[in-house]
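What you see below is based on every heavy atom in this structure, not just the backbone, and it leaves out hydrogens, waters and symmetry mates. Ligands are counted one by one from 1 in listed order, and the atoms in each one are counted from 1 as well.
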Amino acid sequence: MMDFEKRLTEIAGAANVKLEEPMKNHTTFRIGGPARYFVTPENADALILVIGLCRGEEKPFAVIGNGSNLLVSDQGYQGVVISTEKLDHCQVEGNQIRAGAGVKLARMAKQALEHGLAGLEFAAGIPGTVGGALVMNAGAYGSEMKNVLVDAVLLTKDGAVIRRTGEELELGYRTSNIPTEGLTVLEAEVRLQPGDKTEILRVMNDLAAKRREKQPLEYPSAGSTFKRPEGYFAGKLIDDAGLRGFQVGGAQVSEKHCGFVINRNQATAADVEELCHQVAEKVKEQSGVDLEMEIKRLG
Ligand SMILES: Cc1cc2nc3c(=O)[nH]c(=O)nc-3n(C[C@H](O)[C@H](O)[C@H](O)COP(=O)(O)OP(=O)(O)OC[C@H]3O[C@@H](n4cnc5c(N)ncnc54)[C@H](O)[C@@H]3O)c2cc1C
């Protein structure tokens, strides 16, 4: 066994290391070739050690949450994919909730509801984790992570564990400085307001119904494919360019919501890339607006 593999297995535990793991099993797009190594560290300490090993050995690595904003290449990833799924502690303390990076937003929102805390209703239907939601400053229906975040605990490139506020993380429209600074989210704390449980539940149900009505939740996707260009809606621009239902291979511009590219029928990452390329080109031709991908790529 290679030395790297042996050390990785020692640090993470053999049961937490998979080889050549198909990434289509770890993305909501259900697309992606194999990760050379797929690791699910038991806790933040183990995750820090795994990243330290990767950095020391100059092995490429990527930390992922629920893979709900991720397009992984058909060739997969020749490095170490580190999943935060076991960083799943979630505690309510007064009006605040502290959660590990791997906690799903839906679970955090449910905790908020159970404790009569308002402010996370917007997040209940976003299928990401706390870590991925900070990287993207995930948001919907008039709110976003920036509005509730107290601060986050992060691992720096140099192996230090630091705390940063939303301002320090430069949370903006679907952006943060977490990737550009090579940071890894370990934990985050949000502050909510006391609210009425019935009202919180009503809002959550209302937003869930809106999603079911508007979004193609019956097909695998990564949510909104493109960012909203200032002053426009990506879906409307795509529709106006005559691209509703436009298909490349198994990938399709959703007929239900043109802002979503869906995996209609065993799409490859190459299908999605080509479709997005053509959509961006046609929208540019038609309306002069540049579409920028919201989805992150890996491999
Ligand atoms: C049906 C559907 C609906 C959606 N609706 C919305 C919506 O309303 N609003 C919205 O904002 N988004 C939406 N999304 C997109 C997606 O759910 C969000 O962007 C979410 O925040 C991504 O979280 P994740 O854990 O899945 O991240 P992943 O997809 O796993 O990762 C996203 C990026 O973050 C990085 N990352 C993940 N975890 C960490 C970490 N701990 N430390 C450092 N980097 C990390 C990854 O490397 C990657 O670059 C939707 C997606 C789907 C499929």
Task: hydrophobic_cluster_shared for Leu53 and Tyr37, side chain cutoff 4.5 Å - done: yes
Open item on the list: If the threshold is 4.0 Å, N to carboxylate O, is there a salt bridge linking Glu181 and Lys157?
Closed with: no
TODO: Select all protein residues for which some heavy-atom-to-ligand 1 distance is less than 4.0 Å, and list them by chain and number.
DONE: Thr28, Val63, Ile64, Gly65, Asn66, Gly67, Ser68, Asn69, Leu70, Thr84, Ala101, Ile126, Pro127, Gly128, Thr129, Gly131, Gly132, Ala133, Val135, Met136, Ala138, Gly139, Ala140, Arg174, Leu183, Thr184, Val185, Arg211, Gln215, Leu217, Ser221, Ala222, Gly223, Lys296
Open item on the list: Could you check whether Glu42 pairs with Lys86 (Lys NZ or Arg NE/NH1/NH2 to Asp/Glu carboxylate O, under 4.0 Å)?
Closed with: yes
Task: salt_bridge(Arg7, Glu57) N-O dist < 4.0 Å - done: yes
Open item on the list: Tell me whether Lys282 forms a cation-pi arrangement with Phe246, defined as NZ or CZ under 6.0 Å from the six-membered ring centre and within 45 degrees of its axis.
Closed with: yes
Open item on the list: Check this for me, if you would: do Glu213 and Lys256 make a salt bridge, where the nitrogen-to-carboxylate-oxygen distance has to be below 4.0 angstrom?
Closed with: no
